[in-house]
Amino acid sequence: MKKLIFGNFKMNMDLKQTEEYIDLFLPKVASSKNEIAVFPAFTNLMFAKQKFTASKILLGAQNLSAEASGAYTGEVSASMLKSVGVNYVLIGHSERRKLFLEKNDCINKKIKSALSQGLKVVLCVGETKYERQNKKYKMAIEKEVVDGLKGLYENELKNIIIAYEPIWSIGTGVLPNGKQIEEVVQIIREEISKEYSINAGKNIKILYGGSVNSQNARQFAYVDGISGLLVGGASLKADEFAKICNI
Ligand code: PGA
């Protein structure tokens, strides 16, 4: 079955490095059956889009402004992303939540802004190590899902993907087991069923992210209920990410 394999480059690679990467990467994934999306820095989006024209690779942004336009120095709007051919946008990544103090209401506003321009959203949720150890993860994840999606209509959920990224696993090499992921998948589906409908809960796509590499990608991608992977560190090497894309 086709999986969604998304690579979040974070704040890595300048234009030249992006070019070298894409030149290496494209031929390696030319026959992949999976849906692949690459999330480079803002400055490389347009260039990457041009390089991807003859391929099926989709383009994602790592962030956007909650505002539509105006006096917001340094911000980039949904319509700007749309205008350079962006397909997906990451919202609520734990690094944005922690380092840039993004709260659920801001994340909710960003989601609405992205959807209004026809962008697809990858909403990242996940618990801290403390929340996991103290059995508070269910509450934490439910809140991020419910508050993040507040006010959305059920028909908008087709443009939302949830990425479950346990914060204690991001960039650490510490891995959850299949049962732990399945449990969270269940929590997310139940919450969406409660807020919308059983069907909505069943149909929402959920990715796993956190220390995915070419060795463990298959094991995570095929956890029950998981539609694909959000890959950080291991997406930075074209060869390694291509292996993941070809599972
Ligand atoms: P990682 O990052 O794969 O390096 O753990 C995942 C992410 O932050 O999306």
Side-chain angles (χ1 to χ4, degrees), residues 3-13 17-18 21 25 29 34-42 44-45 48 57-64 86-102 107 110-111 114 120-129 131-132 137 140-141 144-145 148 160-178 180-181 184-185 188 205-223 226-247:
K3 295 287 175 182
L4 310 179
I5 312 287
F6 293 178
N8 172 13
F9 291 178
K10 308 194 180 184
M11 198 174 73
N12 293 292
M13 289 197 255
Q17 291 166 323
T18 304
Y21 181 106
F25 181 66
V29 295
N34 295 316
E35 179 175 318
I36 302 166
V38 165
F39 294 66
F42 284 140
N44 300 326
L45 285 171
I57 313 288
L58 297 174
L59 188 65
Q62 299 170 21
N63 184 28
L64 86 170
V86 166
N87 309 100
Y88 283 105
V89 61
L90 284 184
I91 300 182
H93 190 281
S94 63
E95 287 151 18
R96 303 280 333 160
R97 292 180 192 263
K98 180 163 182 244
L99 304 171
F100 302 96
L101 310 180
E102 287 187 10
I107 287 163
K110 287 187 174 194
I111 292 177
K120 291 191 175 184
V121 168
V122 182
L123 168 62
C124 302
V125 302
E127 79 282 5
T128 61
K129 188 173 168 191
E131 287 163 340
R132 167 66 51 181
Y137 58 95
I141 290 161
E144 286 182 344
V145 170
I160 305 272
I161 295 171
I162 310 255
Y164 169 50
E165 299 204 298
I167 297 170
W168 45 274
S169 178
I170 295 179
T172 59
V174 184
L175 304 173
N177 61 42
Q180 289 173 314
I181 299 174
V184 173
V185 165
I188 294 169
K205 289 200 170 90
I206 303 174
L207 309 182
Y208 169 75
S211 293
V212 173
N213 59 37
S214 62
Q215 304 298 308
N216 61 29
R218 183 169 291 276
Q219 138 203 348
F220 286 125
Y222 287 93
V223 168
I226 287 291
S227 297
L229 305 168
L230 179 54
V231 186
S235 72
L236 294 177
K237 292 208 174 77
D239 202 39
E240 172 75 357
F241 190 46
K243 280 188 197 147
I244 300 172
C245 292
N246 288 325
I247 55 166

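As the structure lists them, so they are numbered: ligands from 1, and atoms in each ligand from 1.
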Open item on the list: For ligand 1 and T172, I'd like to know whether there is a polar contact (N/O to N/O, distance under 3.5 Å).
Closed with: no
Open item on the list: Tell me whether R96 contacts the main-chain N or O of I107 through its side chain, where contact means a donor paired with an acceptor under 3.5 Å.
Closed with: no
TODO: State, with a plain yes or no, whether a side-chain heavy atom of R97 is found less than 4.5 Å away from one of I167.
DONE: no
Open item on the list: Taking only non-hydrogen atoms of G209, do any sit less than 4.0 angstrom from ligand 1?
Closed with: no
Task: N/O donor-acceptor pair under 3.5 Å between E165 side chain and G126 backbone - done: no
Task: Test item: K110 side-chain N/O and L64 main-chain N/O as donor-acceptor pair under 3.5 Å - done: yes
- [ ] Tell me which protein heavy atom sits closest to atom 3 (O) of ligand 1, plus the residue, atom name and distance to 0.1 Å.
- [x] G232 N, 2.8 Å
Task: Main-chain N/O of G7 paired to S235 side chain as donor or acceptor, under 3.5 Å - done: no
- [ ] For atom 9 (O) of ligand 1, grab the closest protein heavy atom and report residue, atom and distance to one decimal in Å.
- [x] E165 OE2, 2.6 Å
Task: Per-atom contacts of ligand 1 with G233, taking only distances under 4.0 Å to non-hydrogen atoms - done: 1 (P), 3 (O), 4 (O)
Task: Centroid-centroid under 6.0 Å between Y21 and F9 rings - done: yes
Open item on the list: Please list, in number order, the atoms of ligand 1 under 4.0 Å from a heavy atom of G171.
Closed with: 1 (P), 4 (O), 5 (O)
Open item on the list: Closer than 4.0 Å to some heavy atom of G210 - which atoms of ligand 1 meet that?
Closed with: 5 (O)
Open item on the list: Under a 4.0 angstrom heavy-atom cut-off, which atoms of ligand 1 come close to H93?
Closed with: 7 (C), 8 (O), 9 (O)
